[in-house]
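Here's the structure we're looking at; comments come further down.
None of these values were measured; they are calculated from a predicted model. Here is how names work: the chains are called A, B, and so on, in the same order as the sequence lines, proteins then strands, and each is numbered from 1.
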Amino acid sequence: MRRSASILAAGLLLGVAAYICFYAAGTASHPAMSSGDVPETAWLKREFRLSDADFKRITELHAAYQPQCAEMCRRIDAKNAELEELLSKAATLTPEIELKLEEAGQLRVQCQKNMLRHFLEVSRSMPPEQGARYLAWVTEKTLLPDHKMHSQASVPESSHEHGPRQ
Amino acid sequence: MNTQPTHDPNPNSNPDDRLTRLLSDWRLETNLPPRFQEDVWKRIARAENAGAPSFLGQLWNVLDATFRRPVPAVAYVTVLVAIGLSVGMLRARETTSRLDHTLEARYLQSVDPYLQSR
């Protein structure tokens with residue numbers, strides 16, 4: 001009787017231990033678990049199989065781009081607020097609104113140029129094949145209009161369910 | 001219930017013969033209570049049920065008998081370990097996939113001001 005109870009308990013304990021070990025081993029190497037400051041760039045390293053040297057260069061590029069990006073973000077927020085205020089007051093398309101829309105459009109173009117410049121730099125810092133894959137993925141997700149509508153068709157060879165890995 | 005057997009006329013006879021005679025002479029002089037027979041059967045049924053093991057008891061008996069042999073015991077432990085490994089691996093894959101989605105979105109937000117300002 002006691003032997004059977006021991007076997008029953010040992011089976012359950014070993015099963016739970018096996019689950020915990022495999023779960024921990026399967027998730028421990030993930031950038032979100034192992035990386036401290038910038039897990040998204042660590043994800044980039046894993047996703048695009050970057051060497052340490054490539055990753056270091058890309059991390060530097062990323063860090064240098066962040067202030068520009070933040071400044072753009074601030075300007076976009078300010079422009080959106082101005083436009084929102086004008087739209088809340090006007091019942092027709094006034095010259096002020098037209099002007100604000102043009103300014104917002106110019107800001108978008110400037111922002112997209114900055115982004116594309118950064119993306120090209122990053123892609124050049126990767127091995128050619130991974131660089132091309134990165135550029136296709138990141139431009140589709142950020143620059144190309146309505147990217148969600150044809151995202152499935154544009155990355156047909158991806159075996160990775162969520163994104164760019166091939 | 002009155003039991004009044006007649007006295008044995010011959011005290012030196014065989015005890016079995018005397019018992020037989022006593023039983024044959026035994027007469028019930030009172031009526032049985034109502035539904036006596038039915039009640040007796042019910043009591044028998046209750047006694048039988050009280051003696052039977054429960055479902056868990058039966059299950060435990062089966063397990064106990066099974067684990068007395070080494071092959072089923074080892075197979076049981078092996079199957080549970082295999083289930084633990086498989087489920088752990090699948091859950092780890094799900095978790096890393098979800099984290100990948102999150103980090104991908106975070107990277108895009110970190111490079112696209114329009115995603116940040118939304």
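- Annotation: ring pair (Phe, Tyr, Trp, His ring centres under 6.0 Å) contacts of B:F67 (sequence neighbours excluded): B:Y76.
- Under the 4.5 Å side-chain criterion, counting only non-hydrogen atoms from C-beta, A:M115 is in contact with B:P113.
- Here the side chain of B:Y114 pairs no donor or acceptor atom with the backbone of A:Q112 at under 3.5 angstrom.
- Here A:L44 is the residue among A:V16, A:L44, A:L14 with the most heavy-atom pairs under 4.5 Å with chain B.
- With chain A as partner, the option from B:V79, B:V77, B:T96 having the largest number of non-hydrogen pairs under 4.5 angstrom is B:T96.
- Taking CG of B:D112 as the start and SG of A:C69 as the end, the distance is 7.0 Å to the nearest 0.5 Å.
- Shown here for B:E104 and A:K141, the closest heavy-atom pair between the two residues is OE2-CE, 3.7 Å.
- Inspection of non-hydrogen atoms places A:H62, A:Y65, A:Q66 of residues 57-66 of chain A under 4.5 Å from chain B.
- One hydrophobic cluster, built from ILVMFWY side chains closer than 4.5 Å, holds both A:L93 and A:L87.
- Between A:W43 and B:T102, every side-chain heavy-atom pair lies at or beyond the 4.5 Å cut-off.
- By the 4.0 Å N-to-carboxylate-O rule, B:D100 lies close enough to A:R46 to be salt-bridged with it.
- Chain A is approached within less than 4.5 Å, heavy atom to heavy atom, by B:V87, B:G88, B:M89, B:R91, B:A92 from residues 86-94 of chain B, ordered by number.
- Taking non-hydrogen atoms and a 4.5 Å limit, the residue list of residues 5-13 of chain A in contact with chain B, ordered by number, reads A:A5, A:I7, A:L8, A:G11, A:L12.
- Listed here is the closest heavy atom pair of A:E40 and B:L103: CB-O, 3.8 Å.
- With a 6.0 Å radius and a threshold of 12 heavy atoms from other residues, nucleotides or ligands, A:E103 has its CD atom above the threshold.
- A continuous path of ILVMFWY side-chain contacts below 4.5 Å connects B:L108 to A:L50, so both sit in one hydrophobic cluster.
- Residue A:L99 is not grouped with residue A:L83 when hydrophobic side chains (ILVMFWY) are merged at heavy-atom distances under 4.5 angstrom, including chains of intermediate members.
- Note: the hydrophobic cluster containing B:Y107 also contains A:L120 (ILVMFWY, side chain heavy atoms under 4.5 Å, direct or indirect links).
- By the neighbour-count criterion of 12 heavy atoms within 6.0 Å, atom CD of B:E38 is densely surrounded, having more than that number from other residues, nucleotides or ligands.
- Under the 4.5 Å side-chain heavy-atom criterion for ILVMFWY residues, no single connected hydrophobic cluster contains both A:L101 and A:L107.
- Neither the backbone nor the side chain of B:I83 has a heavy atom closer than 4.5 Å to any heavy atom of chain A.
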